[in-house]
Amino acid sequence: MTVKSKNPETIVLHAGPRSDHATGAVAVPIFQTTSYEFRSTEHAANLFALKDFGNIYSRIMNPTNDALEQKIAALEGGVAALAVGSGQAASALSIQNLCRPGDNVVSSTDLYGGTWNLFANTLPSMGITVRFADPADPEAFRRATDERTRAYYAETLPNPKLTVFPIGEVAAIGRELGVPLIMDNTAAPMICRPFDHGAAIVVHSTTKYIGGHGTSIGGIIVDGGNFDWAAHPQRFPTLNEPDPSYHGAVWTEAVKPLGPIAYIIRARVVLLRDIGSAMSPFNAFQFIQGLETLPLRMREHCRNASEVALYLQRHPAVARVIYAGMHDDAEQRRRTSTYLRGGHGGLVGFELGQGREAGARFIDALKLFYHVANIGDVRSLAIHPATTTHSQLSPADQLASGVTPGYVRLSVGIEHIDDILADLDQALAAATQPMAKAA
Ligand code: PLP
C-alpha cells in the first residue's frame, strides 16, 4: 500500500496494487485467465517448487483475487488472505488446514445454520469432531480442549442470536493452551477486527456485506500472522511435519523467509490445489467494487438497524427484540461495547407475541423487504429461520443456536429509514390483524 493509513475508508480504496502494472488501469482488471505463460522451463520448475512466487494456474492464484486478498487482509489487520468460492468453503478450509481424522475443534453453539450442519454432520463424517461450547461461559472452551484440539471457532455477531462473542476471553484461553481462535466476521466487517482481540484467523462470507449487492457468492480466509504454529509442533502436524505432497516441505520452515504466513500458504498451495474451491476472478472484481463502499454502507446499515430496533421495541405486537445494541444482560452489553466499534451491525431479530403463525403472516405481508436467504445486501431482507436457514437442525439444535419458532430475522438495508419503517408498520398490522379480530 503506497498510501499508509489505519482508517478503513482509505484502506479499502488504497490497499493492494495502486494500478495495473501493464496498462496503468486504475480499477482492478478482471484477469479472466486460467493459466500464465512461463518464461522458461527453469522459471516453471521454480514456480512449482515454490522457489519463486508467481502465477501458475487460477485455481491456486489469480491477480484479481490477489488484489481482493490484499485489501481484506489490510482491512482486518492480518498478514495475508486466501479468496475461496464461498463462505462455507472458507469455514471448511480454515479447519481442514489444521485437522486430520481423529482431531477435534471446539466451536461456539451460536452459529449460522450452514456452519452448524458442516460441524455437526459433514466434518464428523471426515473424522473431525466438533465439540460445542456455550459462549456464555468462555471457560467452556478450556474444559472442552484436549491434546487433539486444533482450533476454536466462533462468529463475531452470530447470525441469528446476535450476542457478541467473547473474542478476547476465548482467544486468551486458546493462547494459554496453544489453540488458535478462528473468527467468522461475516456479520461485522469493519465494526470489529478480531485480530485486535487475539484471534488468529478470520473468515468471511464475502457474499454478504463485503459484496453488498447480492450478486456473487464468495469467501475469504485471513491469516493474522500472530500465532506461533512452530511453538506447538505436536498440535499442528499439518504445518510442522514434512508434507509428502510437496517433497517433504515443512510449512513453518519453508515459508519463514516470507513472513508468518505458513497457515495461509498451506491453505492455498495444498487445499486449494487439491480441493479446488477457488473464487472466480469475476466475483473477486465484484467483491472489490463492494469493498470500496463498505465503510459507507456499514454506517448506513448500522444506523437504520438501530432505528428499526427502537421502532420494534415500542411496537405492541412485538414480544422481544434481539439486537446487539439492545441486550438486557449486563455482560452482553459489555461484550457489545468492547468488541463492536462504530455501530451494532445491520441485523435485527424479533419475536411476535402471537408466535409462529403471525411470523409467517408478517413475512408474507412485506412489500419493500425481500424474503430471501441472505444477509448484508443493500436492500432490506427478512426471513423466518426456523422454516428456512435453520430448518435442517433439530428443534433442540435450533434453540441452541438461538432460533425460536416465532423468530423473524431482518437484515436492514440502506433504503430511506422512513420507507423501511413504513413497510414494517404495514406488515405488522397485517400480521396481527386476524388475531385481533378473533379476540
Ligand atoms: N457465515 C455466516 C455468518 C453466514 O451468515 C453465512 C451465510 O449465510 C456463511 C458463513 C456461509 O456463506 P456462503 O453462503 O457465502 O457460503
Side-chain angles (χ1 to χ4, degrees), residues 65 68 72 76 81-96 105 107-120 122-123 130 135 153-165 167 182-192 194 199 201-222 275 277-280 283-284 286-287 290-291 298 301 322 324 339-340 345-349 370-377 379 381-386 388-393 398 401-403 407 409-412:
N65 298 25
L68 176 70
I72 296 183
E76 285 290 2
L82 177 64
V84 293
S86 67
Q88 282 301 108
S91 304
L93 295 190
S94 72
I95 287 170
Q96 287 172 316
V105 167
S107 169
S108 167
T109 45
D110 297 356
L111 291 176
Y112 159 64
T115 309
W116 185 285
N117 264 328
L118 170 70
F119 287 3
T122 303
L123 287 181
V130 181
Y153 188 99
E155 294 178 14
T156 307
L157 184 57
N159 159 21
K161 240 186 193 174
L162 306 180
T163 51
V164 176
F165 185 77
I167 305 173
I182 303 173
M183 288 303 306
D184 179 341
N185 201 30
T186 297
M190 211 191 86
I191 56 173
C192 180
I201 304 295
V202 164
V203 296
H204 279 278
S205 163
T206 52
T207 313
K208 316 296 183 199
Y209 291 100
I210 288 173
H213 298 79
T215 64
S216 314
I217 299 282
I220 199 155
I221 308 171
V222 190
I275 296 175
S277 43
M279 178 185 283
S280 91
N283 282 9
Q286 300 277 51
F287 294 130
L291 196 61
M298 274 318 276
H301 283 295
I322 302 107
Y339 297 115
L340 299 188
L347 303 178
V348 182
Y370 286 81
H371 180 203
V372 296
N374 194 22
I375 58 168
D377 195 310
R379 299 158 196 83
L381 317 173
I383 203 155
H384 179 231
T388 55
T389 50
H390 289 64
S391 60
Q392 283 139 23
L393 276 63
Q398 285 188 1
S401 65
V403 176
Y407 185 106
R409 186 197 65 213
L410 305 177
S411 170
V412 180

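Everything numeric here is computed off the predicted structure, so don't read it as measured data. What's counted below: heavy atoms across the whole structure, side chains too, no hydrogens, waters or symmetry copies. When a ligand or atom number is given, it counts from 1 through the structure's own listing order.
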- Query: Does even one non-hydrogen atom of G218 get within less than 4.0 Å of ligand 1?
  - Reply: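 Within the 4.0 Å threshold, so yes.
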- Item | Atoms of ligand 1 close to E155 [distance to a heavy atom under 4.0 angstrom, numbered from 1] |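 Close to E155: 3 (C).
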- Is there side-chain contact between I72 and F287, with at least one heavy-atom pair below 4.5 Å?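 They are not in contact (no side-chain heavy atoms under 4.5 Å apart), so the answer is no.
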- For S205, does its backbone N or O pair with a side-chain atom of T186 as donor and acceptor, under 3.5 Å?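 Yes, T186 side chain to S205 backbone: donor-acceptor pair under 3.5 Å.
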Considering heavy atoms of the protein only, find what lies nearest to [atom] and give residue, atom and distance to 0.1 Å.
atom                    : value
atom 5 (O) of ligand 1  : N159 ND2, 3.0 Å
atom 15 (O) of ligand 1 : T207 OG1, 2.6 Å
atom 14 (O) of ligand 1 : K208 NZ, 3.8 Å
atom 1 (N) of ligand 1  : D184 OD2, 2.7 Å
atom 16 (O) of ligand 1 : Q88 N, 2.9 Å

- Item | side-chain contact (heavy atoms from CB on, under 4.5 Å) between I322 and K161, worked out | CA-CA 7 Å; I322 302 107; K161 240 186 193 174; 5.9 Å; no
- Query: Any N or O on G87 sitting closer than 3.5 Å to an N or O of ligand 1?
  - Reply: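 Yes; at least one N/O pair falls below 3.5 Å.
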- Excluding sequence neighbours, so at least two apart, what forms ring-ring contact (aromatic ring centres under 6.0 Å, His included) with F165? F141
- Could you walk me through whether T109 and W116 pass side-chain contact (heavy atoms from CB on, under 4.5 Å), step by step? CA-CA 8 Å; T109 45; W116 185 285; 4.2 Å; yes
- Nearest 0.5 Å please: distance from the CD atom of E155 over to the CG atom of L111. 5.0 Å
